[in-house]
Amino acid sequence: MEILKDWKLQSIAIAIIVFSEMIGKQQIGIVIFFPMLYAMIFGGIASLPKFNILSKQSMGYANLVMSVALVLLVTKLGTSVGASWEKIVQATGALLLQEVGHFIGTIMLGLPLAILLGMGREAVGATYSIGREPNIAVVESKYGLDSPEGRGVMAIYICGTLFGAVWMGVLASIIAGLDILHPFALAMGAGVGSGSMLAASVAPLVEYYPGLEQEIRGFASTANLMSSVLGLYIYIFFSLPLASFLYDFFTRRKKQKTAQ
């Protein structure tokens with residue numbers, strides 16, 4: 001009830017929704033921008049401490065509402081799975097294989113770059129996953145959040161919270177516009193284990209392929225569920241140990257070359 005009594009938070013949320021919907025869908029080249037994107041940007045600006053628009057208590061209320069809204073969103077997307085069940089079963093191999101990319105891609109692409117940029121052990125926490133809540137719990141239990149690995153995963157969590165959905169929405173729009181990958185592959189790639197990123201990615205895909213909306217939502221929801229269910233175990237027993245091993249390997253080679 002305290003959330004409902006926070007009239008300032010409610011008024012700002014309604015104003016952002018109305019303004020975002022007034023702007024509507026806009027397309028620049030192959031990139032499509034949706035009201036959800038504007039709403040996230042305006043909400044981020046309104047929550048900046050320097051503007052003193054929202055109190056910490058109001059932002060805490062907004063976070064609680066967001067959690068409930070994401071449950072409803074994922075439930076809605078999940079209803080598309082049954083309608084596309086036969087196609088999803090046929091693509092089980094592809095779904096399992098693309099999950100490997102979610103867990104290894106961040107390490108193989110991100111870890112070497114992080115080391116080149118001069119990051120220390122923070123690179124392990126920053127690149128072993130996409131840095132959402134379950135990933136923080138894994139690092140906290142093994143290293144603690146006051147460790148370099150803990151600082152790394154927290155940095156990615158903050159960046160993902162601020163920019164993750166925006167980036168995923170723009171990236172999905174660009175790749176869909178280039179028409180270089182099958183829409184089902186793009187839908188599976190959207191399911192990285194984050195509800196907000198999933199929603200931001202699916203919106204432009206549905207716009208580009210309206211005739212495949214049900215299938216796209218079904219594949220994206222299934223991939224997202226697999227990332228969430230299987231992800232925790234893969235992060236604990238595979239991704240984090242692999243990132244730590246590769247960090248030690250790369251830095252040892254770098255030190256040897258420097259010594260020579």
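All residue numbers refer to positions in the sequence shown, counting from 1. Source: prediction; values computed, not measured.
- Distance CD/E122 to OH/Y247: 7.5 Å, rounded to 0.5 Å.
- Residues meeting the salt bridge (Lys or Arg N to Asp or Glu O under 4.0 Å) test with K25, sequence neighbours left out: E207.
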Show me the side-chain donor-acceptor pairs of residues 112-121 shorter than 3.5 Å, one per line, residues at least two apart or across chains.
unit_1 : atom_1 : unit_2 : atom_2 : d
R121   : NE     : E149   : OE2    : 2.8
R121   : NH1    : D248   : OD1    : 3.1
R121   : NH2    : E149   : OE2    : 3.0
R121   : NH2    : S244   : OG     : 3.1

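- Proximity of F219 to L205: side-chain heavy atoms (C-beta onward) are nowhere separated by under 4.5 Å.
- Sorted by first then second residue, the side-chain hydrogen bond (donor to acceptor under 3.5 Å, both in side chains) pairs that include residues 44-55, not counting sequence neighbours, are S55-S58.
- Residues Y38 and I53 share a single hydrophobic cluster, defined by chaining ILVMFWY side chains whose heavy atoms lie under 4.5 Å apart.
- The side-chain heavy atoms of Y143 and V153, taken from C-beta on, include no pair separated by under 4.5 Å.
- Residues satisfying the side chain to side chain donor-acceptor pair (under 3.5 Å) criterion with Q26, sequence neighbours excluded, are absent altogether.
- Screening residues 159-186 for salt bridge (Lys or Arg N to Asp or Glu O under 4.0 Å), with sequence neighbours left out, gives no hits.
- With sequence neighbours excluded, no residue forms a salt bridge (Lys or Arg N to Asp or Glu O under 4.0 Å) with E140.
- Each of I14 and I41 belongs to its own hydrophobic cluster when Ile, Leu, Val, Met, Phe, Trp and Tyr are linked at side-chain heavy-atom distances under 4.5 angstrom.
- Across P35 and E21, no two heavy atoms sit closer than the pair CB-OE2, 3.8 Å.
- Between L198 and V192, every side-chain heavy-atom pair lies at or beyond the 4.5 Å cut-off.
- Proximity of R151 to P148: side-chain heavy atoms (C-beta onward) are separated by under 4.5 Å at one or more points.
- Without hydrogens or angle criteria, T222 side chain to G218 main chain gives a donor-acceptor distance under 3.5 Å.
- For T106 (side chain) and T127 (main-chain N/O), a donor-acceptor pair under 3.5 Å exists by modelled atom type.
- Within the 4.5 Å cutoff, the side chain of I23 has heavy atoms near those of the F42 side chain.
- When hydrophobic clusters are built by joining Ile, Leu, Val, Met, Phe, Trp and Tyr residues whose side-chain heavy atoms come closer than 4.5 Å, directly or via intermediates, I136 is grouped together with Y128.
- V170 is listed as a side-chain neighbour of I174, based on a closest heavy-atom distance under 4.5 Å.
- Side-chain contact between Y208 and L186 is absent, with no heavy-atom pair separated by less than 4.5 Å.
- Between I180 atom CD1 and I175 atom CD1 the span is 6.0 Å, to the nearest 0.5 Å.
- Considering every non-hydrogen atom in both V202 and A190, the closest pair reads CG2-CB, 4.5 Å.
- The aromatic rings of F245 and F249 sit parallel, their planes meeting at an angle under 30°, below the 60° perpendicular limit.
- By the rule that hydrophobic residues join a cluster once side-chain heavy atoms approach within less than 4.5 Å of another member, W7 and V18 end up as members of separate clusters.
- With rounding to the nearest 0.5 Å, the separation of CE in M154 from SG in C159 is 11.0 Å.
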